[in-house]
Amino acid sequence: MTSPPPLDRDLAPPAADLGRRRFFRAFAGELIQTAATVAGAAQALQRASSEAASAILDPQGAAERLDPGLATGTGATTGPAGFRTAFREGDGVLHLIDQRRLPDALVEYPCSSAGEVAFAIREMIVRGAPAIGAAAAIGLALSAEKIRSARPYARRATLRGGANALINARPTAVNLRWAVERLMARYTEIGELSEDGEAIAAAMRAEADSIVMEATTDHGRLANFGLEVLPTPEDRPVRVLTHCNTGPLACGQFGTALGVVQAAHFAERPIHVWVDETRPYLQGARLTTWELAQAGVPHTLIPDVAAGHLMARGEVDVILVGADRVAANGDTANKVGTYTLAVLAARHGIPFFVCAPTSSVDLATADGSAIVIEERKPEEVLEIRGVRIAPPGTQVRNPAFDVTPAELISGIITEEGVIRAPFEPGLRDATEGARARWAAARGSGTAHTASGSN
Ligand code: MRU
């Protein structure tokens, strides 16, 4: 017999959280949805979502101190400052924060087609599962706009080529395929061989905007649900351990695991974060520390290998990580090192939560054994920021992700609620719930979703 849907979404929120909930609802729901109803919603939406994110993640107004066009590292000891989401758009150009340059410099990298965005994704200029999905969608929309006067067959070849380049740029994060398939499904639906390139471009643009808008609301909802399971020690801050980078840079909007952390900080819940440095690419050391510093969240950087020591000493209350792909049974691919943390958490009885929007859920993949794990270049292991640390000729294996089996996961925090084992019915419900919610918001009764992914 099937057990009831394992979603915690009906849990009553603690009274103290009502103010924060109202705040979230104000900006993540109403504000964004209002923006989406006006003409020219695309630009307004991205401005609004970026500003709304700044309001919560940067309450002291650090964002206002940032030159909106460009801010570069000064070489000063403090480094560049100012909260930014992973991308912004202006004048037909997608400006990505060049994440390779952080924390030393905050500079942008311009892209104006699917091919250019695919390059930026491959090179890790933009990275993080939800962020690469959103960037890919915008890249494809930009290509459709550029070729709106092209002949239908030429347009189809260009769009299909761009979509393939994007999907193949990085294989593990399912959000990438999910976003590209959504746009291509829209393209097919509108009539791919139609002469009306304007209508095709407009439809693909609207779909890309929907992806960005939905992420804004959904990541805010996810953070809310995360707060409900965050431990609340009476006499000290809750000590969260996190891995890799799951903040606005990785997600385009508030972030997933780091969204929960930052929402807790905003709600004035005492919190301290252990940040894994995340060898070899150092997303934790370079990006998570930078984002937490911008948001004013107390944190301490640790070598990945110190995590077990801290757990054994009782210095970790909960582990929050993101996800690049959640299989139907709950097995989760995330940045390499996550599995090790989950095993250690089980050994020490520490709750281990995966924070994943349903865009990271891949119901077409039965379990983690079918998830393709990206293997990256040896230099990332042989060198640290250009300085060689191993003898020349040393053989290297560099898997970028690992799979944490569902049995080691305490819960999966989604925008529809916290899912507990057995995960599959909850993941299916959550995915359907998110689709239905957005279909209702669009008033169409049908969500535009691609068939392949979730
Ligand atoms: O290789 P990256 O930096 O693109 O890895 C993705 C990640 O940031 C993490 O695995 C993360 O936990 C999932 S994305 C919120």
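In this chain, residues are counted from 1 in sequence order. Reckoned from all heavy atoms, side chains included, excluding hydrogens, waters and symmetry mates. In each ligand, atom 1 is the first atom listed, and ligand 1 is the first ligand listed.
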Which protein heavy atom lies closest to [atom], and at what distance to 0.1 Å?
{"atom": "atom 7 (C) of ligand 1", "result": "C244 SG, 3.5 Å"}
{"atom": "atom 10 (O) of ligand 1", "result": "D324 OD1, 2.5 Å"}
{"atom": "atom 14 (S) of ligand 1", "result": "A129 N, 3.2 Å"}
{"atom": "atom 4 (O) of ligand 1", "result": "R170 NH1, 2.7 Å"}
{"atom": "atom 11 (C) of ligand 1", "result": "N334 OD1, 3.2 Å"}

A quick test of your reading: do over 12 heavy atoms of other residues, nucleotides or ligands sit less than 6.0 Å from CZ of R236?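 Yes, enclosed.
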Walk me through whether E415 and T358 qualify under side chain to side chain donor-acceptor pair (under 3.5 Å). CA-CA 7 Å; E415 73 272 28; T358 57; 2.5 Å; yes
Begin with the C-alpha distance, continue with both residues' side-chain angles, and end with the deciding distance and a verdict on salt bridge (charged side-chain N to carboxylate O under 4.0 Å, His left out) for E383 and R385. CA-CA 6 Å; E383 299 171 1; R385 309 200 89 183; over 6 Å; no
Could you check E277 against R279 for side chain to side chain contact (heavy atoms under 4.5 Å, CB included), going step by step and ending with a plain yes or no? CA-CA 6 Å; E277 61 177 352; R279 276 282 291 156; 3.5 Å; yes
Return yes if some donor-acceptor pair links the side-chain N/O of T172 with the main-chain N/O of R170 below 3.5 Å, else return no.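 Side chain of T172 to backbone of R170: no pair is present.
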Looking at ligand 1, does any of its N/O atoms fall within less than 3.5 Å of an N/O of [X]?
{"X": "G128", "value": "yes"}
{"X": "H243", "value": "no"}
{"X": "R127", "value": "yes"}
{"X": "K335", "value": "yes"}

Measuring from non-hydrogen atoms of A323 to any atom of ligand 1, is the shortest distance under 4.0 Å?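 For ligand 1, residue contact (heavy atoms, under 4.0 Å) with A323 is present.
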Residue G322 vicinity, atoms of ligand 1 by number, heavy atom under 4.0 Å: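 So the answer, numbered in order with elements, is 12 (O).
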Any idea which atoms of ligand 1 are less than 4.0 Å away from a heavy-atom of Q283?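 Selected atoms, number and element: 1 (O), 2 (P), 3 (O).
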Return yes if a side-chain donor-acceptor contact under 3.5 Å exists between E375 and N398, otherwise no.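 No, N398 and E375 have no side-chain donor paired with an acceptor closer than 3.5 Å.
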Identify the residue among I319, L341, T242 that makes a side-chain contact (heavy atoms from CB on, under 4.5 Å) with D276.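 For D276, the side-chain contact (heavy atoms from CB on, under 4.5 Å) check succeeds only for L341.
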Identify the residue among L94, I211, L183 that makes a side-chain contact (heavy atoms from CB on, under 4.5 Å) with I138.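 Exactly one candidate clears the test, L94.
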Counting heavy atoms only, which part of C251 comes closer than 4.0 Å to ligand 1: side chain, backbone, both or neither?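 The answer is the side chain.
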Contact partition for F401 relative to ligand 1, non-hydrogen atoms under 4.0 Å: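 Within the 4.0 Å criterion, F401 contacts ligand 1 through side-chain atoms alone.
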Side chain to side chain contact (heavy atoms under 4.5 Å, CB included) between I97 and F87, intermediate numbers included: CA-CA 6 Å; I97 295 227; F87 56 83; over 6 Å; no
